[in-house]
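Below: the structure, in structure tokens.
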Amino acid sequence: MSMTRTRTRTRTLLSCAALALGSTALIGCAGMSSASPAAPAASAAASASTAPKASTVHVSAPSTPASAPRSGGSATNANANSDSYAYTHACSKNGLSVRVVRQSATSSQRVIEVRNLGVNSCGLSYYPLVSMGSPNAADHTYDVKPLIPGGLGGPPAYALHAGKTAYAVIDLDPSGKAPNATQGYELNVLAHADMPNADTQNFPLGSNARVLNPKLGLYEDNIKAAIDSMNQATVQS
């Protein structure tokens, strides 16, 4: 497994959602609408330990109803490692580790792993803001953006408990029909929609990457659920 140091670059990330944690409103991406918070959902039974081995790692950094709270652990009400605390305390770059893992040498899927390094829970948006483009482009307006699952409800979104990891899977070429490799593209990742664009992290995709109608799933607490979510992506982000 090879490790590649990434860099953080200020850029305008294309049309994105902004989750206003600590309030009852969510300004969302395409396919999002405001809704009242629902009761916290139980944690997913599957564990991140089932993740497949990655062949390449670049390190920097709904199968369930999307209108319900999405949690990486059980709520404990008022304490600082609870869902309720996360929904009023957005995650920040300094409290997160973000990395992108390639499933295998031939896979077009990449796993975005976001780990909470702090001692308190924090809130993420439904999915990371992602685009793909040339790192040397002067204008990133035309960067490629993935499809995402539709029918997203209002807040809360995803509560990331201390020491836990949230997973989102992107398939760069779900059809497997991209005619040629896309040379020199980067995967640009903003872990939480309410972070400044300056916190966007950039991950080289490699010379063999093929990008055609990519799909991105929601944050989940295990890779299998994240893949299932990605397969439901139908709405432009």
Side-chain angles (χ1 to χ4, degrees), residues 13-21 25-46 48 50-51 62-72 83 86-87 90-91 98 100-101 103 107-114 123-132 143-160 164-176 187-195 200 211-237:
L13 197 63
L14 306 177
S15 58
C16 60
L19 172 63
L21 293 166
L26 177 69
I27 301 173
C29 295
M32 270 190 192
S33 61
S34 295
S36 299
S43 59
T50 59
S63 55
T64 57
S67 59
R70 304 171 57 74
S71 170
D83 286 7
Y87 298 145
C91 296
V98 181
V100 173
V101 180
Q103 293 271 54
S107 175
S108 60
Q109 294 181 2
R110 303 291 190 275
V111 181
I112 300 169
E113 300 180 354
V114 180
L124 292 171
S125 44
Y126 284 107
Y127 53 90
L129 300 185
V130 171
S131 70
M132 287 138 283
D143 281 5
V144 179
K145 294 177 293 181
L147 298 176
I148 58 171
L152 302 180
Y158 191 94
L160 183 59
K164 299 297 184 180
T165 300
Y167 301 90
V169 170
I170 184 168
D171 195 330
L172 305 176
D173 178 23
S175 68
L187 181 66
N188 310 309
V189 179
L190 191 61
H192 172 56
D194 213 24
M195 288 178 175
T200 299
V211 179
L212 180 67
N213 300 323
K215 291 184 174 185
L216 171 69
L218 307 184
Y219 278 127
E220 300 285 355
D221 66 358
N222 66 87
I223 293 176
K224 181 181 183 302
I227 292 174
D228 290 343
S229 177
M230 176 271 295
N231 286 329
Q232 298 177 40
T234 58
V235 177
Q236 185 63 57
S237 61

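Computed over heavy atoms, backbone and side chain alike; hydrogens, waters and symmetry mates excluded.
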Practice item. Dump the intermediate steps for side chain to side chain contact (heavy atoms under 4.5 Å, CB included) on K164 and D221, then the final yes or no. Key: CA-CA 8 Å; K164 299 297 184 180; D221 66 358; over 6 Å; no

Practice item. Grab the two heavy atoms, one from K145 and one from P214, that are nearest each other, plus how far apart they are. Key: O-CG, 4.2 Å

Review point. Taking C-beta and beyond as the side chain, do R110 and L172 meet within less than 4.5 Å on heavy atoms?
Key: yes

Point to revise | Passing option when V100 is tested against I170, V130, V111, I112 for side chain to side chain contact (heavy atoms under 4.5 Å, CB included) | key: I112

Point to revise | Shortest non-hydrogen contact between P174 and N213, atoms and distance | key: CD-O, 3.3 Å

Review point. Quick one: side-chain hydrogen bond (donor to acceptor under 3.5 Å, both in side chains) partners of S175, sequence neighbours excluded?
Key: D173

Practice item. Determine the minimum heavy-atom distance between A168 and P128, stating which atoms define it. Key: CB-CD, 3.6 Å

**Study point:** Over all atoms of both residues, closest heavy-atom pair of T165 and Y158
**Key:** O-OH, 4.4 Å

Exercise for review: Output the distance between atom CG (D171) and atom CD1 (I227), rounded to the nearest 0.5 Å.
Suggested key: 9.0 Å

Check your understanding: Can you check whether L152 reaches Y127 side chain to side chain, under 4.5 Å on heavy atoms?
Key -> yes

Practice item. State, with a plain yes or no, whether a side-chain heavy atom of E220 is found less than 4.5 Å away from one of D228. Key: no

Revision key, fill the gap. Separation between CG (N188) and OG (S131), nearest 0.5 Å, reads 4.0 Å

Revision key, fill the gap. A157 and L124 have their tightest heavy-atom pair at CB-O, 3.2 Å

Check your understanding: After noting the C-alpha distance and the side-chain angles of I223 and Q109, does the key distance pass the side chain to side chain contact (heavy atoms under 4.5 Å, CB included) rule?
Key -> CA-CA 11 Å; I223 293 176; Q109 294 181 2; over 6 Å; no

Revision key, fill the gap. In this structure, OG of S229 is separated from CG of L218 (nearest 0.5 Å) by 3.5 Å

Review point. To the nearest 0.5 Å, what is the distance between NE2 (H192) and CG (L129)?
Key: 9.0 Å

Check your understanding: Who passes side chain to side chain contact (heavy atoms under 4.5 Å, CB included) against T234, sequence neighbours left out?
Key -> none

**Study point:** T200 OG1 to L190 CG distance, which is reported to the nearest 0.5 Å
**Key:** 4.5 Å

Point to revise | Residues that L147 engages under side chain to side chain contact (heavy atoms under 4.5 Å, CB included), provided they are two or more places apart | key: K215, A233, Q236

Study note, to complete from the structure: Tightest non-hydrogen contact, residues Y219 and A191, listed as OH-O, 2.6 Å

